[in-house]
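Notes for the one structure printed next.
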Amino acid sequence: MRDFVAHFENLAENREWTELVDLIDGDYQDERGNDKLKAAGILRAFYLRNKSVHLLTRIESIDVSSPSYPIVTVYLAMARRPFTEETAANLPRTNMHKLTLELAEDGDSFTILSSRWEQASAGNLIF
């Protein structure tokens, strides 16, 4: 799961939109009623508005009670500039979220079956 999160983070920061969409399961559904097509459109609009994306992540938990459908909860800070020691100290100025991903086993990897985004605070990202 940690490798999946690191891969997701790398794709996001490198603006690899197509590869990110490939990680969304064909049966994707979120609490807002978005399916894979709508989620891909939201992601595309995000990249059109933001020319640079930098992430700081911390995995809160990994639930593998159902190994084929693990649930990963990640705290995520997003910024337009790379995180440095100075900017990390000013996390309240960044866009922070708690992201819960339900994954589906897909061969030797996983796809995102659903996601839930919530606001988070700087305290959640302290390592």
Side-chain angles (χ1 to χ4, degrees):
M1 294 309 106
R2 293 184 190 285
D3 290 341
F4 180 86
V5 172
H7 180 62
F8 181 91
E9 183 176 357
N10 184 52
L11 291 175
E13 287 186 330
N14 289 302
R15 302 174 52 84
E16 300 289 344
W17 181 77
T18 303
E19 289 83 358
L20 282 170
V21 171
D22 287 344
L23 292 179
I24 302 172
D25 195 88
D27 292 329
Y28 177 88
Q29 188 74 37
D30 66 26
E31 61 188 8
R32 295 180 181 166
N34 296 318
D35 59 9
K36 179 176 182 163
L37 184 60
K38 287 181 184 176
I42 292 167
L43 185 60
R44 181 76 173 144
F46 175 81
Y47 280 121
L48 289 172
R49 285 190 314 268
N50 298 282
K51 300 301 179 201
S52 179
V53 177
H54 298 277
L55 305 176
L56 180 63
T57 60
R58 183 178 70 81
I59 296 174
E60 179 192 52
S61 65
I62 300 172
D63 178 354
V64 290
S65 54
S66 176
S68 295
Y69 298 96
I71 298 172
V72 180
T73 302
V74 179
Y75 286 101
L76 169 70
M78 297 188 294
R80 293 182 179 172
R81 295 187 184 121
F83 286 94
T84 63
E85 285 185 35
E86 182 180 320
T87 56
N90 291 312
L91 283 175
R93 296 182 184 169
T94 65
N95 195 0
M96 290 176 284
H97 300 279
K98 178 180 179 182
L99 175 59
T100 303
L101 300 171
E102 180 182 358
L103 306 178
E105 192 172 41
D106 184 26
D108 60 349
S109 188
F110 293 91
T111 57
I112 301 168
L113 191 56
S114 70
S115 66
R116 183 175 61 243
W117 293 78
E118 302 171 57
Q119 279 303 121
S121 67
N124 299 124
L125 285 155
I126 295 173
F127 291 83

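Note that the structure is predicted; figures quoted are calculated from it, not measured.
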Return the [atom1] to [atom2] distance between [X] and [Y], rounded to the nearest 0.5 Å.
{"X": "M78", "Y": "S52", "atom1": "CE", "atom2": "OG", "answer": "12.5 Å"}
{"X": "F8", "Y": "E16", "atom1": "CZ", "atom2": "CD", "answer": "13.0 Å"}
{"X": "L103", "Y": "I112", "atom1": "CG", "atom2": "CD1", "answer": "6.5 Å"}
{"X": "L76", "Y": "I59", "atom1": "CG", "atom2": "CD1", "answer": "11.5 Å"}
{"X": "F110", "Y": "H7", "atom1": "CZ", "atom2": "NE2", "answer": "13.0 Å"}

Could you tell me whether the side chain of [X] and the main chain of [Y] form a donor-acceptor pair under 3.5 Å?
{"X": "D106", "Y": "S109", "value": "no"}
{"X": "Q29", "Y": "G33", "value": "yes"}
{"X": "D30", "Y": "N34", "value": "yes"}
{"X": "W17", "Y": "A12", "value": "no"}
{"X": "N10", "Y": "A6", "value": "no"}
{"X": "D25", "Y": "D27", "value": "yes"}

* Asked: Hey, mind stepping through E19 and N14 against side chain to side chain contact (heavy atoms under 4.5 Å, CB included) and telling me if it holds?
  -> CA-CA 10 Å; E19 289 83 358; N14 289 302; over 6 Å; no

* To do: Using side-chain contact (heavy atoms from CB on, under 4.5 Å) as the criterion, list what pairs up with D63, not counting sequence neighbours.
  =>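 Partners of D63 under the side-chain contact (heavy atoms from CB on, under 4.5 Å) test: S65, I71.
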
* Asked: How is the hydrophobic cluster of L37 composed, in terms of its other members, when Ile, Leu, Val, Met, Phe, Trp and Tyr link through side-chain heavy atoms under 4.5 Å apart, directly or indirectly?
  ->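 None; L37 is a cluster of one.
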
* For Y69, what are the other residues in its hydrophobic cluster, where any two members join if their side-chain heavy atoms are less than 4.5 angstrom apart? ->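 Taking Ile, Leu, Val, Met, Phe, Trp and Tyr as members, Y69 shares its hydrophobic cluster with L113.
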
Residue pair [X] / [Y]: nearest heavy atoms and the distance that separates them:
{"X": "I24", "Y": "A40", "value": "CD1-N, 4.5 Å"}
{"X": "L55", "Y": "E9", "value": "O-OE2, 3.3 Å"}
{"X": "K51", "Y": "L48", "value": "NZ-O, 3.4 Å"}

* Asked: Does R116 have any salt bridge (charged side-chain N to carboxylate O under 4.0 Å, His left out) partners at least two apart in sequence or in another chain, and if so, which?
  ->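 Partners of R116 under the salt bridge (charged side-chain N to carboxylate O under 4.0 Å, His left out) test: E118.
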
* Asked: Which of these passes side-chain contact (heavy atoms from CB on, under 4.5 Å) with E60: V72, T100, T73?
  ->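 So, applying the side-chain contact (heavy atoms from CB on, under 4.5 Å) to E60 and each of V72, T100, T73, only T73 qualifies.
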
* Asked: Should we count CZ of R15 as having more than 12 external heavy atoms under 6.0 Å?
  ->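 Count over threshold, so yes.
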
* To do: Not counting sequence neighbours, which residues clear side chain to side chain donor-acceptor pair (under 3.5 Å) with S115? List them please.
  =>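 S115 satisfies side chain to side chain donor-acceptor pair (under 3.5 Å) with Y28 once adjacent residues are dropped.
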
* Establish whether I42 and L23 are linked, either directly or via other cluster members, by ILVMFWY side-chain heavy-atom contacts under 4.5 Å. =>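 Looking at the clustering, L23 is in a separate group from I42.
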
* Applying ring-ring contact (aromatic ring centres under 6.0 Å, His included), name anything that partners W117, two or more places apart in sequence or on another chain. =>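 Counting only residues at least two positions away or on another chain, W117 forms a ring-ring contact (aromatic ring centres under 6.0 Å, His included) with H97.
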
